[in-house]
Amino acid sequence: QVQLVESGGGLVQAGGSLRLSCSASGRTFSSVAMGWFRQAPGKEREFVASIAWSGINTYYAEPVKGRFTISKDNAKNTVYLQMNSLKSEDTAVYYCAVDTTLKIPYGRVRGDYWGQGTQVTVSS
């Protein structure tokens with residue numbers, strides 16, 4: 001079992017920045033990849049970004065490329081999502097996810113375990 005706790009969400013004006021954090025505990029030694037998904041009201045959950053545990057591979061959804069950056073601190077079992085140039089369409093609940101089994105491509109997280117989510121609201 002892996003437990004995930006997100007933090008860093010909040011209300012920000014369009015063009016602003018936020019940094020989300022996700023701390024993992026439990027069987028973190030078995031983590032293969034970690035990442036973020038988001039779900040806006042009335043929409044399905046969608047992939048945002050992920051990073052392989054080795055740090056070699058990163059993946060981003062097209063709408064966030066160039067604006068969001070995913071990183072991690074293995075010593076702290078924490079993954080971060082730096083979100084810059086935020087837009088109103090980025091408003092959603094952001095969920096942290098971790099894979100403990102290998103997925104293809106390596107580092108593209110699918111979500112064996114999930115956090116509870118943190119709300120990000122971007123005002124225009």
Side-chain angles (χ1 to χ4, degrees):
Q1 291 283 344
V2 177
Q3 294 78 42
L4 303 172
V5 178
E6 303 102 331
S7 62
L11 173 64
V12 64
Q13 289 188 335
S17 298
L18 281 175
R19 189 176 83 153
L20 304 182
S21 300
C22 173
S23 296
S25 60
R27 296 177 63 87
T28 57
F29 61 86
S30 62
S31 297
V32 175
M34 292 185 72
W36 297 89
F37 288 71
R38 67 186 181 185
Q39 187 167 19
K43 295 187 177 181
E44 293 187 353
R45 189 173 298 187
E46 64 178 4
F47 170 79
V48 176
S50 68
I51 185 168
W53 198 246
S54 66
I56 294 176
N57 298 341
T58 58
Y59 295 87
Y60 294 92
E62 283 297 329
V64 308
K65 280 184 178 179
R67 299 188 297 122
F68 291 10
T69 302
I70 190 168
S71 61
K72 63 182 181 60
D73 185 333
N74 285 0
K76 297 181 178 179
N77 293 320
T78 299
V79 66
Y80 305 96
L81 186 68
Q82 178 66 44
M83 305 186 294
N84 298 329
S85 302
L86 283 162
K87 305 175 181 180
S88 57
E89 51 262 45
D90 294 318
T91 295
V93 177
Y94 284 70
Y95 296 90
C96 179
V98 64
D99 284 347
T100 56
T101 55
L102 180 64
K103 307 295 192 299
I104 302 299
Y106 173 54
R108 173 57 166 89
V109 71
R110 297 291 190 270
D112 292 335
Y113 296 93
W114 296 88
Q116 294 298 308
T118 184
Q119 177 70 48
V120 171
T121 303
V122 184
S123 63
S124 57

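This structure is a prediction, so every number in the text was calculated from the model and none was measured.
- Separation of atoms OG (Ser124) and CG (Leu86) is listed at 12.5 Å; rounding is to 0.5 Å.
- You'll find the side chain of Val122 stays beyond 4.5 Å of the side chain of Glu89, heavy atoms only.
- In this structure, Gln116 places its CD atom where only 12 or fewer heavy-atom neighbours from other residues, nucleotides or ligands lie under 6.0 Å away.
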Next item on the list: Dump the intermediate steps for side chain to side chain contact (heavy atoms under 4.5 Å, CB included) on Tyr60 and Thr69, then the final yes or no.
Entry: CA-CA 8 Å; Tyr60 294 92; Thr69 302; 3.9 Å; yes
Checklist line | From CA spacing to verdict: side chain to side chain contact (heavy atoms under 4.5 Å, CB included), Trp53, Asp99 | finding: CA-CA 10 Å; Trp53 198 246; Asp99 284 347; over 6 Å; no
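- Hydrophobic clustering (ILVMFWY, side-chain heavy atoms < 4.5 Å, transitive): Tyr95 and Val32 are in distinct clusters.
- Looking at Met34 and Cys22, their side chains come closer than 4.5 Å, going by heavy atoms from C-beta outward.
- For the side-chain contact (heavy atoms from CB on, under 4.5 Å) with Arg38, the lone residue among Thr118, Val120, Asp90 that qualifies is Asp90.
- Side-chain contact between Trp36 and Val79: present, with at least one pair of heavy atoms (C-beta onward) separated by less than 4.5 Å.
- For the residue pair Gly107 and Ser50, the shortest heavy atom distance occurs at O-OG, 2.5 Å.
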Margin query: side chain to side chain contact (heavy atoms under 4.5 Å, CB included) for Leu20 and Glu6? Distances and angles first, verdict last.
Written below: CA-CA 7 Å; Leu20 304 182; Glu6 303 102 331; over 6 Å; no
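- Looking only at side-chain heavy atoms (C-beta outward), Trp114 and Cys96 stay at 4.5 Å or farther from each other.
- Checked by atom type, the side-chain pair Thr101/Lys103 shows a donor-acceptor distance below 3.5 Å.
- Scanning both residues, Leu11 and Ser123, for their nearest heavy atoms gives CD1-CB, 4.3 Å.
- With Asp112 contributing its side chain and Thr100 its backbone, the two residues share a donor-acceptor pair below 3.5 Å.
- Note: Phe68 and Tyr94 have tilted aromatic rings, judged against thresholds of 30 and 60 degrees for the angle between ring planes.
- The side-chain contact (heavy atoms from CB on, under 4.5 Å) test with Leu81 singles out one residue from Ile51, Val48, Val64, Leu18, and that residue is Val48.
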Notebook entry, point to check: Can Tyr113 and Arg27 be said to form a side chain to side chain contact (heavy atoms under 4.5 Å, CB included), step by step?
Noted result: CA-CA 11 Å; Tyr113 296 93; Arg27 296 177 63 87; over 6 Å; no
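- Formation of a donor-acceptor pair under 3.5 Å by the Arg110 side chain with backbone atoms of Ile104 is found in this model.
- Under a cutoff of 6.0 Å and an axis angle of 45°, Arg19 and Tyr80 form a cation-pi pair.
- Distance check, rounded to the nearest 0.5 Å: CD1 of Ile70 to OG1 of Thr58 gives 8.0 Å.
- Note that OG of Ser17 is 5.5 Å distant from CD of Gln82, once rounded to the nearest 0.5 Å.
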